[in-house]
Amino acid sequence: MNNKFFAEKVIHWYQYQHRDLAWRHTRDPYYIWLSEVILQQTRIAQGLPYYERFVKTYPTVFDLASAPEQDVIRLWQGLGYYSRARNLHQTAKYIAQELNGKFPETYAQLLKLKGIGPYTAAAIASFAYDEAVAVVDGNVYRVLARVFGIETDIGSTQGQKQFAQLANELIPHDQPATYNQAIMEFGAVHCTPVSPDCLLCPLQAECQANAKGRVNKLPVKLKKTKVRERFFNYFVIIQNDSVAMRQRTDRDVWQQLYDFHLIETKEIISSLDELPGLLTLMPILSKTIVTAPARIYTHILSHQRIQAQFWVLQIPHGEVVELPEKMTFLTHEEIENVPKPVLITSYWKEQFF
């Protein structure tokens, strides 16, 4: 199959079948950048409301740059991968302050910005500036692997180079933006991971995976992500109308988000007597009314499965206690306004509203 033929078929399909999405109506690199960062590892249905809120709250890169980081993370809350939000904010500051609000106009220059990798750089360069550089995401891997019958592992260095080379050979220099949108959309809604619509596929005759019965086998991804099991014991320390929280500063999940005092264990515990490090809590436990967890909350991240339970420690009015390190009392209103992991938000809404 020649390159022109492949691109023409994909673009023709896109002209009639694509979804009408807000970021497809702009050439503004700021909006394109926002959409791509938000949609990384996020379904469009979930990401679209976040994109709309960011555009409304921070209509220009200067608005985003001047916002407090905590506000940016609070707006991001629920998307996960919070390093993306921090990188987004830092890069906005750099563009606003060092580049006078003007985005770099080439793929090579965009790659130098913090938090912008090959995929995002290619998206901005092609969608905003018509540079003929191919985007390669999961959808593109799948389409190319199936149509061209590529058996190389997409997680390997060799595979990534092979797919990037092919993708850049296929991209038409007169329509790079449309082509990149088209192949990603084709993979997202037609050549899907499960049950692709092969019968009505415009590339059916040329698709090697279809011809060889390999559709469900491609693309090849040999290395599977190992999921780490973690067990969290949260202590919700309450006095009057305030609850003790702390900002996570360690290099771990949910960095810079707020949660309760935490002791991690190797398994689920049913009694505080089983809790390691209990001595550190003894001064406060002796002055509180303890309510055992009502249930276990399960929260799944890309590489981790967290099971959490919440022990409520009610401090009587007027009792003076020393909170654990880094903890401070916050009012309900303050807790509503600080960024929190989805796990904490779910518990908070269930128990306090």
Side-chain angles (χ1 to χ4, degrees), residues 14 17-96 99 101-105 107 110 113-130 135-140 176-189 192 254 256-257 301-302 337-342 345:
Y14 177 76
Q17 303 294 334
H18 73 273
R19 293 165 293 181
D20 187 16
L21 302 171
W23 47 86
R24 290 179 174 159
H25 297 282
T26 182
R27 304 272 287 186
D28 188 324
Y30 172 63
Y31 292 136
I32 293 168
W33 174 53
L34 273 182
S35 70
E36 294 301 335
V37 174
I38 288 171
L39 290 173
Q40 287 176 29
Q41 297 167 307
T42 305
R43 299 186 309 275
I44 284 181
Q46 180 190 5
L48 180 58
Y50 284 90
Y51 172 79
E52 292 172 340
R53 286 196 289 270
F54 264 87
V55 167
K56 183 178 180 180
T57 308
Y58 308 121
T60 71
V61 71
F62 294 102
D63 295 314
L64 179 56
S66 62
E69 184 179 85
Q70 182 169 300
D71 290 354
V72 176
I73 294 175
R74 176 72 175 83
L75 199 61
W76 187 272
Q77 183 177 311
L79 275 176
Y81 300 96
Y82 289 91
S83 60
R84 285 187 289 162
R86 291 189 289 272
N87 287 339
L88 187 77
H89 190 230
Q90 290 300 314
T91 299
K93 285 183 174 182
Y94 177 80
I95 292 171
L99 304 180
K102 185 174 174 60
F103 274 74
E105 296 184 5
Y107 173 78
L110 286 161
L113 298 178
K114 186 173 184 178
I116 294 186
Y119 166 78
T120 305
I124 299 171
S126 61
F127 300 156
Y129 304 117
D130 274 328
V135 295
V136 184
D137 68 350
N139 293 314
V140 175
T178 303
Y179 170 80
N180 274 339
Q181 292 279 16
I183 191 170
M184 288 194 297
E185 185 77 343
F186 186 71
V189 305
T192 51
W254 308 325
Q256 295 185 338
L257 275 65
L301 304 173
S302 58
N337 291 326
V338 297
K340 302 173 291 296
V342 169
T345 299

| said: Working note: L34 + L88, criterion side-chain contact (heavy atoms from CB on, under 4.5 Å); need CA distance, chi angles, decisive distance, verdict. | reply: CA-CA 8 Å; L34 273 182; L88 187 77; 3.9 Å; yes
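Within the 4.5 Å cutoff, side-chain heavy atoms of I73 are placed close to those of R86. Contact annotation: the side chain of M184 approaches that of Y119 to within less than 4.5 Å [non-hydrogen atoms, C-beta and beyond]. Inter-residue side-chain proximity for L99 and P104 is flagged as met; some heavy-atom pair is nearer than 4.5 Å. With contacts defined as side-chain heavy-atom distances shorter than 4.5 Å, the pair I95/L113 qualifies. Between Y51 and Y31, some side-chain heavy-atom pair lies under the 4.5 Å cut-off. Residues R53 and L75 form a side-chain contact, since some pair of their non-hydrogen atoms from C-beta on lies under 4.5 Å apart. Side-chain contact between F54 and I38 is present, with at least one heavy-atom pair separated by less than 4.5 Å.
A distance of 12.0 Å separates CD of E52 from OG of S35, quoted to the nearest 0.5 Å. In this structure, F127 CZ and T178 OG1 are separated by 9.0 Å, a value rounded to the nearest 0.5 Å. K340 NZ to L257 CG: the interatomic distance, rounded to the nearest 0.5 Å, is 9.0 Å.
With H89 contributing its side chain and A85 its backbone, the two residues share no donor-acceptor pair below 3.5 Å. A donor-acceptor contact shorter than 3.5 Å links the side chain of N180 to the backbone of V135. In this structure, W33 contributes its side chain and V37 its backbone to no donor-acceptor pair below 3.5 Å.
Using cut-offs of 30° and 60° for the angle between ring planes, the Y30 and F103 rings count as tilted.
Side chain to side chain, Q181 and S126 fail the donor-acceptor criterion of an N or O pair below 3.5 Å.
Applying the side chain to side chain contact (heavy atoms under 4.5 Å, CB included) criterion to L39, with sequence neighbours excluded, gives W23, I44. Checked against side chain to side chain contact (heavy atoms under 4.5 Å, CB included), A121 has the following partners two or more places apart in sequence or in another chain: Y107, L110, L111, I116. Every residue meeting the side chain to side chain contact (heavy atoms under 4.5 Å, CB included) condition with T42, not counting sequence neighbours, appears here in chain and number order: Q46, L79, R84. By the side chain to side chain donor-acceptor pair (under 3.5 Å) test, E105 is found to be paired with K102, residues two or more places apart in sequence or in another chain being considered.
Here the shortest heavy-atom pairing between I124 and P29 reads CG2-CB, 4.0 Å. Closest approach of Q77 and Y82 over heavy atoms only: CA-OH, 3.6 Å.
In this structure, Y94 places its OH atom where only 12 or fewer heavy-atom neighbours from other residues, nucleotides or ligands lie under 6.0 Å away.
Among residue pairs with one or both ends in residues 19-36, those qualifying as salt bridge (Lys or Arg N to Asp or Glu O under 4.0 Å) are R19-E185, R24-E185, R27-D130; sequence neighbours excluded.
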Identify each donor-acceptor pair in which a side-chain atom of residues 63-72 lies under 3.5 Å from a protein atom, sequence neighbours left out, and give them as a table.
{"from": "D63", "atom 1": "OD2", "to": "T60", "atom 2": "N", "distance (Å)": "3.1"}
{"from": "D63", "atom 1": "OD2", "to": "T60", "atom 2": "OG1", "distance (Å)": "2.9"}
{"from": "S66", "atom 1": "OG", "to": "F62", "atom 2": "O", "distance (Å)": "3.1"}
{"from": "S66", "atom 1": "OG", "to": "D63", "atom 2": "O", "distance (Å)": "3.2"}
{"from": "E69", "atom 1": "OE1", "to": "Q256", "atom 2": "NE2", "distance (Å)": "3.4"}
{"from": "Q70", "atom 1": "OE1", "to": "Y258", "atom 2": "OH", "distance (Å)": "3.4"}

